[in-house]
Asks: 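The structure that follows is given in the form of structure tokens.
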Amino acid sequence: MENLRLLEHTDTVNSLLARYGVKFGIYKNGNFKEQLFPFDSIPRIIENEEFNYLEKGLKQRVVALNMFLKDIYSEKKIVKDGIVPEDFIFASSGYMIECEGVSPVKDIYSHISGIDLVKGKNGEWYILEDNLRVPSGASYPMIARDLCRKSSPKTFADVALEDNRNYASLLRRTLDNVNVGGHTVILTPGRYNAAYFEHSYLAEQTGAHLVNGSELEVENDNLYFKTADGKKERVGAVYRRISDEYLDPMTFKPESVIGIPHIYDVFKKGNVALLNAPGNGVADDKGIYYFVPKMIKYYLGEDPILQNAPTYLPFYEEDMTYVLENFDKLVLKDVAEAGGYGVVFGSSMIKEEKEKFIALLKREPRRFIAQEVIDFQDLDIIDEGKAVPRKADLRAFVLMADEPLVWKSGLTRFSRNPDSFIVNSSQGGGFKDTWVLSR
Amino acid sequence: MEVFYSQAINSCRYTIKCIPDSNARQKISDINIQMVPESKANWAEDAHGNRYIFGCNPEPHSYFKFRLTGKAECGNSSYDCEATENEIMLFRHSHGMTVPGPKIKEYYQNIYDSTEGFDQMKPVDKAILMMNRLYNEFKYEKNCTCVNTSAEEAMELGKGVCQDYAHILISLLILAGCSARYVTGLIIGEGESHAWVEVVNEGKWIGIDPTNNMVVSDSHIRIGCGREACECQINRGIMHGGGDQMQRISVSVIEKKSIQEVM
């Protein structure tokens, strides 16, 4: 069993990851704490054929989501045709008025998408969530694979595996596709960001400059990078790892000190590409998630290849009735929250909590979605030398370059708590490499 | 507009959004912009079609001035800008400072309950009705609200300035199912910039000025619009260095027989 050889190296790989600074920053009670992102060396293995199916479905989904974003910030046909209710657009915190009528380079909005999936016990895959703003996580399986290959080369000689270290070249191709002339930079808010390791690692791997806001400057209607010797060189593409609100204090949050004044004006004129484009929050809202299968049908005229987890919108009366009748077997999610927050299981509430929650639900039905609890497949992890089953999901990465590209790997996150379904790394979970078999 | 700095600042960046444009009800001509210190400004347009200029003063300075002069000819009665389908949709959802809270909802319910056939009224009539109520029950008072005061907060206070009147009326109109937006502009006389409301009535935008309890006439010069005040904020700036700053905005609109001149 070749895998066993790899398992013996778990500690070695984890200590190497620690040495490389593969950490995840979290804010707890107002304090910034960096913690290691624990790696489990039993990989998630996906058969070649199964991944081909996922790949087709993921491409279809991300193409439709991009078409949706383009439509929402221009004609809004999907709203006028009654597919998506107005409330889910204009009352969504992700809808940004500043993006109205603005065309990103080549009309690409979500260049880098992180799509979260789970596999049910029935063997079916379900989409849990789309992340179209600043999805992170690709660097972890990249570096883990690299370290595993070094510590256990024999394992990899024996399995026919898709190499996942090509993520950097896929990303580079995505960045180059929209670069309008000049440098490509990765804009980081700095080392206190949760994903700073990833920013620096991707910069190193793609050959882009890693910069912070103060190293970029707008002059007239172009963006420049200030070099160490005081020269200014034009920037054509910014892979920005800061959120929309902080990007430009002249257009968005005025108190932002990590953004670049007037960068949004340069973007509007088409003189720089921003990856991802601002405004994508309107498409990855948990409320909009419900409509993604309808979007696929609407824009592409195709049946969705990948399915959503069965979801109900209390906004619709009949769904509300269902939710109230089946409250105990559903999971409820606040559409405005992310990172595993604002998620409650109907069955876990005591009577008073339930009454309070139902009152809130009736008052603000648009704020919540309800989903059937999917009994997803457990994956084994090694805990104190023993294999134990844990809940896990998969974040797949879809890149929109000259054509949609799906990275043949992904970030598998697992919950370390045996009773928890929440695998988010902000909540202290660990990760695994994702192996896609090449035949 | 002038900004005085207590100490020289090293540099600043500005976005200025106060350039009126011609439309169906007003003709703008002879626009002249003067800036101290002089800098190359770039022109742009925002999501609502508001024109603005942006740029940078890279050299140290302790005084910044922006002066715009021009002529405006305003139509007497017709305030007939067509409302597009997208505008009608966008402006019937409250956002940010116009999101109603319990006070505004209660105020609206009160108007609704005390008005027979409210649902059958035309939007402009709903607007006039609510404007009358607001004008009589809300007190004009300076310095008790600020630029960040929401409609709900102002309603609770019971007093405020034109921005607050406009935000409250927008919030009420949206509750009544109308499309309504915030408008900035100028009125005859000297003083500050003004704000009022536009509501869609039979496919056209109609101006309603709740601070003055009037349907907008030829005395109003329109500058820009948005869902709320911050979307048509006149200026935004970022400076490096320096101490305190004092900003002064002055507006002067002089009527010329048939032509008004703005300074």
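None of these values were measured; they are calculated from a predicted model. Below, chains carry the letters A, B, ... as their sequence lines are ordered, and counting in each starts from 1.
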Asks: Can R181(B) be said to sit on top of F91(B)'s aromatic six-ring, NZ or CZ under 6.0 Å from centre and within 45° of the ring axis?
Replies: yes
Asks: Relative to chain B, which of E75(A), K76(A), E100(A) shows the most heavy atom pairs under 4.5 Å?
Replies: K76(A)
Asks: Between P254(A), G101(A), A91(A), C99(A), which has the largest tally of heavy atom pairs under 4.5 Å with chain B?
Replies: P254(A)
Asks: Flag this pair as yes if the NZ/CZ of R227(B) is under 6.0 angstrom from the six-membered ring centre of Y182(B) and inside a 45 degree cone about the axis; otherwise no.
Replies: no
Asks: Under 4.5 Å from any heavy atom of chain B, what part of V218(A) do you find: side chain, backbone, both or neither?
Replies: both
Asks: Check whether any side-chain heavy atom of I168(B) lies under 4.5 Å from a side-chain heavy atom of T98(B), and answer yes or no.
Replies: no
Asks: Is S74(A) in contact with chain B via its backbone, its side chain, both, or neither, using a 4.5 Å heavy-atom distance?
Replies: backbone
Asks: Angle between ring planes, F4(B) versus Y63(B), binned at 30° and 60°: parallel, tilted or perpendicular?
Replies: tilted
Asks: Please work out whether the ring planes of Y290(A) and Y316(A) are parallel, tilted or perpendicular, with thresholds of 30° and 60°.
Replies: tilted
Asks: Do V161(B) and T145(B) touch side chain to side chain, with heavy atoms closer than 4.5 Å?
Replies: yes
Asks: What residue, out of E219(A), K268(A), K80(A), K269(A), has the most heavy-atom pairs lying under 4.5 Å from chain B?
Replies: K80(A)
Asks: Report yes if some heavy atom in the side chain of H111(A) is under 4.5 Å from a heavy atom in the side chain of V178(A); otherwise report no.
Replies: yes
Asks: Which of the residues R92(B), H95(B), M89(B) is involved in the greatest number of heavy-atom pairs with chain A at under 4.5 angstrom?
Replies: M89(B)
Asks: So which of N220(A), D221(A), T251(A) has the largest heavy-atom pair count under 4.5 angstrom toward chain B?
Replies: N220(A)
Asks: Under a 4.5 Å heavy-atom cut-off, does chain A meet the side chain of E45(B), its backbone, both or neither?
Replies: backbone
Asks: Does any backbone or side-chain atom of Y95(A) lie under 4.5 Å from a heavy atom of chain B? Answer side chain, backbone, both or neither.
Replies: side chain
